[in-house]
Amino acid sequence: MATSYATVTWDQLHRDARQLAAELMPRGPFKGIVAITRGGLIPAAIIARELDCRLIETVSVVTYDEERQGEATVIKRPEAAGDGEGFLIIDDLVDSGVTAELVRRMLPRALFACLYAKPTGRPLTDMFVVEVPQETWVLFPWDTAPLFIPPLARRDDTSRS
Ligand SMILES: O=P(O)(O)OC[C@H]1O[C@H](OP(=O)(O)OP(=O)(O)O)[C@H](O)[C@@H]1O
Ligand SMILES: Nc1nc2[nH]cnc2c(=O)[nH]1
Ligand SMILES: [Mg+2]
């Protein structure tokens, strides 16, 4: 269960994806990118643009229902990527590492990269940009919206920050 939340804005996500792309440049060129849907789709699009890579395959894995982790289920396999040779796998983050482990088993020769990594999942990714504490739930821009909050002086409970 998450004890805190970290909000990632579109700007921050774009910056982090560009930084990952810059770090991936010397490891390429790549034949193609495999995006792990859905979270890997937008990071993969940004990275594909930076690396001038036009071939995008997807692998669809369902693991979480909001914050509840279930059994990871593959609902679409990355047929175009063979055993992963020359391919780059992109996801938004690794948490327990279960999703990454499953996809790596399908594409053993691919390089795996993601934007954010929690300590348990960290060994499952070849590259990442920012480490996040295990108990922190990352809120992505596609899952959130800016919300009005009343000024501190007008809140009933002033102990809240
Ligand atoms: O390291 P793990 O513990 O496996 O968690 C990481 C995975 O969980 C999330 O996907 P989710 O199952 O929520 O699906 P989504 O990408 O469609 O939102 C996230 O996008 C990663 O793919
Ligand atoms: N949005 C989101 N999805 C996840 N899936 C596993 N961990 C996380 C997380 O911290 N945030
Ligand atoms: Mg995902």
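Every number for a ligand or one of its atoms is a count from 1 in the order of the listing. A quick note: this is a predicted structure, and the numbers were derived from the prediction, not measured.
Applying the ring-ring contact (aromatic ring centres under 6.0 Å, His included) test to residues at least two apart or on different chains, none of the pairs has a partner in residues 73-109. Listed by first and then second residue, the ring-ring contact (aromatic ring centres under 6.0 Å, His included) pairs that reach into residues 26-48 come to none, sequence neighbours excluded. Residue pairs meeting the salt bridge (charged side-chain N to carboxylate O under 4.0 Å, His left out) criterion with at least one partner in residues 88-99, sequence neighbours excluded, are Asp95-Lys118.
Residues Leu93 and Leu102 do not share a hydrophobic cluster, clusters being chains of Ile/Leu/Val/Met/Phe/Trp/Tyr side chains in contact below 4.5 Å.
Proximity of Leu93 to ligand 2, defined as any heavy-atom pair under 4.0 Å, is confined to the side chain (atoms from C-beta onward).
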- [ ] Apply salt bridge (Lys or Arg N to Asp or Glu O under 4.0 Å) to Lys76 and Glu57, showing your working.
- [x] CA-CA 10 Å; Lys76 190 250 167 202; Glu57 173 60 293; 2.6 Å; yes
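Close contacts of ligand 2 with Lys118, meaning ligand atoms under 4.0 Å from a residue heavy atom, involve 7 (N), 9 (C), 10 (O). Contact atoms of ligand 2 toward Val138: 1 (N), 2 (C), 9 (C), 10 (O), 11 (N) (distance under 4.0 Å to a heavy atom of the residue). Set against the non-hydrogen atoms of Asp95, the atoms of ligand 2 under 4.0 Å away are 6 (C), 7 (N), 8 (C).
Few gaps surround CD on Glu67; more than 12 heavy atoms of other groups in view lie less than 6.0 Å from it.
Less than 6.0 angstrom separates the ring centroid of Trp137 from the ring centroid of Tyr64.
Protein residues with any heavy atom under 4.0 Å from ligand 1: Thr37, Arg38, Gly39, Thr63, Tyr64, Gln69, Asp91, Asp92, Leu93, Val94, Asp95, Ser96, Gly97, Val98, Thr99.
Nearest to atom 3 (N) of ligand 2 by heavy atom, out of Trp137, Tyr64, Tyr5, Phe140, is Trp137.
Between the CE atom of Met127 and the CD1 atom of Ile90 there is a distance of 9.0 Å, given to the nearest 0.5 Å.
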